Amino acid sequence: MFSIEQFIAQLPKAELHLHLEGCIAPDTLWKLAERHRTPLFQQGRGAADQLYQYADFSGFLQAFKTICQHLQTPDDYELVTQETLRQLAQQNVRYAEIIVSAGVMLWKGENVRHNFEGILSGYARARQETGIRVQWIFDAARQFGPEAAWTVAREAVALKEKGVVAFGIGGDERQLAASSFREVFDDARNNGLRLTAHAGETAGPESIWDALHEFHAERIGHGLTAIQDTSLVNHLAKEQIPLEVCLSSNLRTGVLADLSSHPLRRFLDKKLIISLNTDDPALFGTDLNREYLLAHQNFGLNSEELRNLAKASFQAAFLPSAEKSAYLASF
Ligand SMILES: [Zn+2]
């Protein structure tokens with residue numbers, strides 16, 4: 001007889017909302033600190049661990065920023081990509097769409113294409129070892145404005161043939177009107193990229209409507225506050241627009257006081273397409289198997305429902321339908 005943990009571990013899974021920078025564990029951060037002799041290195045190994053023990057949202061942002069500052073060369077990106085993909089493969093994640101903060105690379109004055117070469121060589125090694133398949137999402141940050149988002153979208157289009165499948169946006173939802181990014185999303189779509197957006201995480205349902213109307217987003221990152229608007233929930237169900245749910249993330253960033261207030265069960269009752277994801281697993285002290293376990297423990301999802309979530313993670317992927325079918329056939 002399988003335990004629920006064993007059941008979850010053997011499920012084939014896809015990760016669709018995962019930031020590369022948020023996958024970097026303290027040990028790896030320390031390797032980078034040693035490599036570049038950063039201020040963190042001067043503070044000693046304990047400081048790397050401490051960074052992950054933040055108490056509030058600003059502490060989380062500080063940790064994310066410090067991690068990003070330690071990624072300085074294509075070799076750094078190669079290292080973190082290879083390590084991330086090994087961890088995913090250990091959880092039987094067969095396929096992932098990984099968000100790369102291209103907007104942050106540009107803000108740091110780095111060459112996105114050079115860094116992406118590093119990412120691709122880390123991927124090539126991990127794919128050979130584990131068979132994991134990955135496509136990439138280039139993410140702009142709202143607070144950097146539309147000009148910076150244009151540059152991210154152009155880089156994404158230029159690297160489409162190398163596996164960049166989508167353009168997305170993250171950052172502070174409450175800054176700048178969504179309409180200021182409409183043309184960037186139009187252009188990305190016209191150039192064959194798929195579209196996703198963080199929305200309804202820290203702002204209300206109107207932010208999700210904006211992502212649908214202004215960006216034509218095909219998936220919504222988080223989408224928590226959709227539950228406040230019945231017509232929006234009905235629309236998401238009718239149009240089969242998936243939500244990328246990240247339980248631990250919502251708890252650790254403080255947008256939810258406790259997991260029981262997460263609308264996961266209500267979304268499923270309304271027949272929404274839901275994928276479970278980790279967002280920034282190293283920073284939130286989680287992994288994908290644990291997120292499935294949380295869904296079981298907090299919302300009473302049984303093994304059949306967990307299996308359906310795993311299937312939905314492939315259904316919601318930006319993959320050609322033949323490939324989706326192949327993954328679904330493995331259930
Ligand atoms: Zn995210």
Side-chain angles (χ1 to χ4, degrees), residues 13-24 52 54 57-68 71 80-81 84 87-88 93 96-105 107 119 134-144 149 152 156 164-175 178 181 185 194-203 207-208 210-211 215 217-226 241-256 262-264 274-288 290-291 294 313 316-318:
K13 291 170 286 284
E15 258 271 18
L16 305 179
H17 190 126
L18 177 66
H19 298 262
L20 181 63
E21 302 81 1
C23 297
I24 299 171
Y52 291 73
Y54 57 87
F57 192 66
S58 70
F60 161 72
L61 287 179
Q62 185 55 48
F64 194 85
K65 192 175 160 197
T66 303
I67 292 168
C68 287
L71 291 165
V80 302
T81 302
T84 296
Q87 287 159 16
L88 291 179
V93 172
E97 286 169 8
I98 299 186
I99 303 166
V100 174
S101 297
V104 174
M105 288 180 190
W107 175 76
I119 289 174
V134 182
Q135 298 195 96
W136 310 91
I137 299 171
F138 273 17
D139 217 25
R142 293 183 199 235
Q143 63 271 22
F144 296 162
V152 171
V164 177
V165 70
F167 171 73
I169 199 159
D172 191 344
E173 284 179 72
R174 289 160 299 187
Q175 281 195 33
F181 299 99
F185 274 90
R194 311 296 297 271
L195 305 174
T196 180
H198 286 65
E201 179 188 13
T202 55
S207 175
I208 302 170
D210 279 349
F215 305 160
E218 299 172 78
R219 280 199 321 241
I220 300 294
H222 298 287
L224 262 183
T225 57
I241 295 162
L243 300 186
E244 305 154 4
V245 165
C246 312
L247 297 173
S248 293
S249 165
N250 296 153
L251 198 60
R252 287 294 306 275
T253 60
V255 293
L256 286 183
H262 195 288
L264 173 63
I274 301 291
S275 64
L276 288 185
N277 305 277
T278 57
D279 206 3
D280 299 297
L283 283 160
F284 301 139
T286 194
D287 60 33
L288 193 55
R290 184 169 173 274
E291 295 300 298
L294 289 174
S313 69
F318 294 143

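Computed over heavy atoms, backbone and side chain alike; hydrogens, waters and symmetry mates excluded. Whatever order the structure lists them in is the order used to number ligands and atoms, beginning at 1. Bear in mind the structure is a predicted one, so any value in this text is a computation, not a measurement.
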Does Asp139 have any side chain to side chain contact (heavy atoms under 4.5 Å, CB included) partners at least two apart in sequence or in another chain, and if so, which? His19, Ile99, His198
Metal check, the Zn ion (ligand 1) vs His19 N/O/S, cut-off below 2.8 Å: yes
By atom name, which N, O or S atom of Asp279 is the nearest to the Zn ion (ligand 1)? OD1
Looking at the Zn ion (ligand 1), is one of the N, O or S atoms of His17 less than 2.8 Å from it? yes
Short question: side chain of Glu291, backbone of Cys246 - any donor-acceptor pair under 3.5 Å? no
Counterpart residues, side chain to side chain contact (heavy atoms under 4.5 Å, CB included), relative to Arg252 (two or more places apart): Tyr54, Phe284
Just by distance, do the side chain of Glu15 and the backbone of Leu288 share a donor-acceptor pair under 3.5 Å? no
